[in-house]
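I have placed the structure first, in the form of structure tokens, so that the comments after it can refer back to it.
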Protein chains: 2
Amino acid sequence: MNRGSRSGGANLPALRHHNASLVLDLLRVAGEQGISRLELAGRTGLTPQAVSKITARLRTEGLATEAGRLASTGGKPRTVLRLVPDAGYAVGLHLDRDELTAVLADLAGTTVATRTFPLHLGAPAAEVLATAAHAVRTVRADAPAAAARQVFGVGAALPGPLDHRSGVLHRVTGFPRWDGYPLRDALAEHTGLPVVVDKDTNAAALGLALRERAEADFVYLHLGTGLGAGLVLGGALHRGARTGAGEFGHQTLQLDGPPCDCGGHGCIEALCLTAVARGDIPEAARILGAGAANLVGLLDIDRVVLGGRTVAAHEDAYVNGVRAVIEERARREGVTASVPVTVAGGGDRPVAEGAAQLVLAPLFGRAGEDGGERG
Amino acid sequence: MNRGSRSGGANLPALRHHNASLVLDLLRVAGEQGISRLELAGRTGLTPQAVSKITARLRTEGLATEAGRLASTGGKPRTVLRLVPDAGYAVGLHLDRDELTAVLADLAGTTVATRTFPLHLGAPAAEVLATAAHAVRTVRADAPAAAARQVFGVGAALPGPLDHRSGVLHRVTGFPRWDGYPLRDALAEHTGLPVVVDKDTNAAALGLALRERAEADFVYLHLGTGLGAGLVLGGALHRGARTGAGEFGHQTLQLDGPPCDCGGHGCIEALCLTAVARGDIPEAARILGAGAANLVGLLDIDRVVLGGRTVAAHEDAYVNGVRAVIEERARREGVTASVPVTVAGGGDRPVAEGAAQLVLAPLFGRAGEDGGERG
DNA sequence: ACCACTTAAGCAACGCTGTTGCCAAAGTGC
DNA sequence: GCACTTTGGCAACAGCGTTGCTTAAGTGGT
């Protein structure tokens with residue numbers, strides 16, 4: 001069951017919800033192509049009859065529909081089922097230091113509207129909130145009429161550390177005035193919608209995780225004005241005990257190395273960005289690769305995804321540089337299976353799209369460690 | 001549900017097993033003191049009536065029993081239930097480089113017999129296997145007669161990297177001849193019991209995790225002849241995609257630093273053990289602390305436990321040194337909650353005890369990511 | 001064109017789960 | 001001794017996935 005439904009005890013409604021989420025997730029992953037009942041049964045381990053009952057309920061609720069049939073394999077052809085994408089929507093907000101991106105995503109994860117607004121994160125809270133609320137209204141208005149009624153909530157992603165559980169910000173890097181601000185509740189009041197907040201790197205990682213199989217272990221490394229990580233372990237975002245996981249930029253990579261703004265020495269972010277400032281991209285990639293290799297070895301990650309504006313400027317150099325370090329270390333340790341290193345296309349767009357998934361993912365049983373309820 | 005029952009679909013027997021495991025785990029944690037039905041209901045989120053039914057089944061199976069009653073709070077006093085420790089046993093083996101420790105643990109995790117044998121891990125496989133099988137027979141003979149019949153299996157912990165899922169060893173550090181050896185199946189044949197193998201650090205971490213609440217996130221750092229880690233995330237061992245997680249010793253902590261036996265540079269193990277060899281314990285502790293702080297920040301761990309012979313020789317120095325680094329970094333980042341640093345007492349004994357838990361933990365729903373079945 | 005065979009998927013009955021409503025058991029306190 | 005509180009079992013129940021069977025809808029040989 002969703003590990004962490006506060007207490008762990010599971011009853012029949014919980015069982016039903018769990019299996020329904022599982023099936024819905026497989027329908028989502030199957031996309032427009034759809035998936036047959038029997039394949040759903042095979043993938044879930046449920047009996048075909050159970051899948052028939054579950055999909056019948058989903059069809060009644062309007063979440064799934066029949067969509068053609070496959071070629072026969074000697075008998076009655078399989079009926080294909082697929083998700084109904086416009087059965088629900090979510091708004092994703094990316095509050096970056098200098099701009100606000102808002103997207104409207106449907107159940108399938110497709111972005112049906114995008115808007116960008118200038119934003120100064122250092123401005124007073126009321127101003128930032130007004131901009132955010134305006135952005136939400138605007139993307140809702142952009143979308144077809146049916147969408148407006150079925151918006152499940154707003155996911156908001158922003159830099160700095162914060163408490164995902166309570167929705168309270170900590171010291172957003174560079175903007176100390178946000179320390180202790182209850183963004184989730186404030187935004188919920190301004191928009192009249194449920195709100196989920198999380199770090200930008202977590203949002204991006206979640207968005208990427210939803211494109212992978214449900215058990216994936218991977219890490220998203222975001223190199224922009226800072227350096228952060230989003231960890232997906234066992235298919236779920238790892239947020240840690242105080243939802244502060246992913247502090248990657250201030251990992252010590254060079255003991256007693258050059259000082260960093262944070263007060264430490266030899267932080268990977270400082271080393272990496274210094275190299276970038278010098279224009280030495282291969283060295284920046286090598287440093288990032290050393291940090292990534294540490295992570296791969298420690299967690300036995302099976303995929304590394306790079307993103308952020310700085311990476312976007314020299315994608316190949318970073319991918320190749322990071323891959324080289326990881327492969328060299330794997331060779332030393334006699335590991336044969338290689339860990340793919342890829343780049344998340346679209347610069348910062350994955351963050352806003354992932355933010356929308358903060359709201360949608362719980363429907364598919366893809367919440368993090370702390371659950372989430374149906375709409 | 002046990003995330004990772006191959007496919008994720010859950011049916012009624014799975015539900016029943018899940019809830020029974022949960023209750024059994026709470027009974028185990030409650031220890032000799034026991035726990036009332038109503039508290040079980042509160043902790044699990046199940047209704048009192050459901051708990052009554054579940055505990056009635058457990059009592060019928062001989063796994064639980066009534067044990068006195070609490071003081072009344074104005075009405076009928078609560079009946080206390082507790083685990084029946086001798087309802088099942090498991091053997092734990094710690095195959096170290098120079099000696100083999102075998103323990104017999106009961107369901108409550110209590111060690112009821114211990115034996116130590118000399119062992120040379122570099123000897124031919126047949127010799128090592130014979131010693132291991134002899135050790136298993138010996139600890140079984142040491143225990144009361146009832147125990148001999150109810151041994152669920154053997155858990156074996158050893159250094160080097162290995163594949164937990166298949167039970168095949170990789171290059172055990174320093175003993176290349178073990179590479180590719182199917183230890184689990186070989187030992188199962190020699191003993192006639194189910195066998196589970198894992199890294200020594202994972203076994204120790206699992207043993208420690210079972211003493212904590214079920215949702216704990218912590219890391220066990222073992223400094224002996226090498227340096228390794230065992231990660232417990234969300235209450236479960238994190239083994240990673242290829243069950244190779246916990247490679248902590250060869251994390252790069254000093255970019256382009258002094259060479260390490262592994263072929264890399266600036267590995268934390270090399271730095272740390274060089275300092276130990278110089279007799280500079282505070283420096284070794286500081287280096288270990290830097291690695292631990294990286295880990296705490298990255299994963300938002302809420303506890304660090306140190307162990308191993310090298311640590312045991314200067315417990316206070318290591319605990320204080322590591323704590324100092326972690327606290328300094330927490331202060332820099334404005335985190336108030338402190339991360340406790342403790343030491344696992346008993347030198348290497350926690351490894352053998354944890355090895356036994358490789359077999360017992362699945363009964364309590366505390367398996368790692370890859371399940372495990374009832375006896 | 002027909003018919004035997006294969007495969008998919010719904011219907012009905014079933015076993016078993018936790019839940020609900022009720023009542024007996026076993027204390028406390030006036 | 002009686003009213004009250006609290007625990008915990010009994011019985012009936014709703015709802016989950018499972019099993020056995022039937023119907024639907026194809027293929028392929030004759």
Side-chain angles (χ1 to χ4, degrees), chain A residues 1-2 5-24 34-61 64-82 365, chain B residues 1-2 5-24 34-61 64-82 365:
Chain A
M1 204 99 316
N2 275 337
S5 44
R6 208 191 88 267
S7 43
N11 54 17
L12 280 127
L15 180 83
R16 169 188 172 137
H17 182 242
H18 171 80
N19 286 339
S21 297
L22 211 64
V23 169
L24 212 51
I35 184 171
S36 70
R37 287 179 180 79
L38 280 151
E39 191 168 350
L40 286 170
R43 298 264 194 109
T44 56
L46 296 168
T47 60
Q49 185 59 29
V51 171
S52 276
K53 286 191 176 181
I54 291 164
T55 54
R57 285 198 298 264
L58 294 176
R59 283 188 295 154
T60 306
E61 295 170 30
T65 187
E66 297 196 340
R69 33 187 58 186
L70 296 175
S72 165
T73 59
K76 176 175 175 174
R78 301 181 177 184
T79 310
V80 171
L81 299 167
R82 64 168 176 75
Chain B
M1 203 96 320
N2 274 336
S5 45
R6 209 192 88 266
S7 41
N11 53 19
L12 279 121
L15 179 84
R16 170 189 174 139
H17 182 240
H18 170 80
N19 286 339
S21 297
L22 211 64
V23 169
L24 211 53
I35 184 171
S36 70
R37 286 179 180 80
L38 279 147
E39 191 167 351
L40 286 171
R43 297 265 194 109
T44 56
L46 296 168
T47 60
Q49 185 59 28
V51 171
S52 276
K53 285 190 176 180
I54 291 165
T55 54
R57 285 198 298 263
L58 294 175
R59 284 189 296 154
T60 307
E61 295 170 29
T65 188
E66 296 195 341
R69 35 186 57 187
L70 295 175
S72 165
T73 58
K76 177 174 175 176
R78 301 181 176 183
T79 310
V80 170
L81 299 166
R82 65 168 176 74

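Everything numeric in this text was worked out from a predicted model, so none of it was measured. Each chain gets a letter, A, B and so on, in the order its sequence line appears, and its residues count up from 1.
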Handout entry: A:Leu12 or A:Glu66, whichever maps to the more 5' nucleotide of DNA chain C
Key =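 That would be A:Glu66.
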Problem - A:Lys53 or A:Arg59, whichever maps to the more 5' nucleotide of DNA chain C - result: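 Whichever sits nearer the 5' end wins; that is A:Arg59.
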Exercise for the section: Taking only the side-chain nitrogens and oxygens of A:Arg57, find out if one of them lies under 4.0 Å from OP1 or OP2 of D:dG17. Expected result: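 For D:dG17, OP1 or OP2 has a side-chain N or O of A:Arg57 closer than 4.0 Å.
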Exercise for the section: Using only side-chain N and O atoms of B:Asn11, determine if any of them is under 4.0 Å from OP1 or OP2 of D:dT18. Expected result: yes
Problem - Axis bend over the full length of the helix from C:dA1-D:dT30 to C:dC30-D:dG1, computed from five pairs that close each end, to 10 degrees - result: 0°
Exercise for the section: Check every nucleotide of DNA chain C for an atom under 4.0 Å from a heavy-atom of chain A, then give the first and the last such nucleotide from 5' to 3'. Expected result: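 In short, chain A contacts DNA chain C from C:dT6 to C:dT19.
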Handout entry: Comparing A:Pro13 and B:Arg37 on DNA chain D - which has the more 5′ nearest nucleotide
Key =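 In this pair, the answer is B:Arg37.
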Exercise for the section: Quick one: list whatever passes salt bridge (Lys or Arg N to Asp or Glu O under 4.0 Å) with A:Arg59, sequence neighbours left out. Expected result: A:Glu66
Exercise for the section: Tell me, please, which residues at least two apart from A:Arg16 pass salt bridge (Lys or Arg N to Asp or Glu O under 4.0 Å). Expected result: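 With neighbours one apart ignored, the set is empty.
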Practice task
Treat primed atoms plus P, OP1 and OP2 as sugar-phosphate and everything else as base, then score nucleotides 19-28 of chain D 5' to 3': B for base contact with protein heavy atoms under 4.0 Å, S for sugar-phosphate contact only, - for none.
Solution key: B----BBBS-
Practice task
Might you work through the side-chain contact (heavy atoms from CB on, under 4.5 Å) test for B:Thr44 and B:Asn19, ending with a clear yes or no?
Solution key: CA-CA 8 Å; B:Thr44 56; B:Asn19 286 339; over 6 Å; no
May I have the distance from [X] (atom [atom1]) to [N] (atom [atom2]), rounded to whole angstrom?
X       : N      : atom1 : atom2 : value
B:His17 : D:dC16 : NE2   : C1'   : 19 Å
A:Leu22 : D:dG17 : CG    : P     : 11 Å
B:Arg78 : D:dG8  : CZ    : C1'   : 12 Å
A:His18 : D:dG17 : NE2   : C1'   : 13 Å
B:Leu40 : D:dG8  : CG    : P     : 10 Å

Practice task
Take A:Val80 and A:Ile35, measure what side-chain contact (heavy atoms from CB on, under 4.5 Å) needs, and give me the verdict at the end.
Solution key: CA-CA 5 Å; A:Val80 171; A:Ile35 184 171; 5.9 Å; no
Handout entry: pair A:Leu12-B:Leu12: side-chain heavy atoms closer than 4.5 Å
Key = yes
Problem - Residue pair A:Leu81 / A:Val23, side-chain heavy-atom distance below 4.5 Å - result: no
Practice task
Give one of base, sugar-phosphate or nothing for B:Ser36, where a contact means two heavy atoms less than 4.0 Å apart.
Solution key: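 Nothing, no nucleic acid heavy atom in range.
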Exercise for the section: Mark yes or no for whether B:His18, through its side chain, and B:Pro13, through its backbone, hold a donor-acceptor pair below 3.5 Å. Expected result: no
Practice task
Please report the closest heavy-atom contact between B:Leu70 and B:Ser36, naming both atoms and the distance.
Solution key: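 B:Leu70 and B:Ser36 have their closest heavy atoms at CD1-CB, 4.4 Å.
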Exercise for the section: Determine the minimum heavy-atom distance between B:Ser72 and B:Gly74, stating which atoms define it. Expected result: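 Looking at all heavy atoms of both residues, the closest pair is OG-N, 2.9 Å.
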Handout entry: Rounded distance [0.5 Å steps], CG in A:Leu38 versus OG1 in A:Thr73
Key =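 Going from CG on A:Leu38 over to OG1 on A:Thr73, the span is 9.5 Å.
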Which atom pairs, one a donor and one an acceptor, fall under 3.5 Å between side chains of residues 47-58 of chain A and the rest of the protein, sequence neighbours left out?
unit_1	atom_1	unit_2	atom_2	d
A:Thr47	OG1	A:Ala50	N	3.3
A:Thr55	OG1	A:Val51	O	2.8
A:Thr55	OG1	A:Ser52	O	3.1

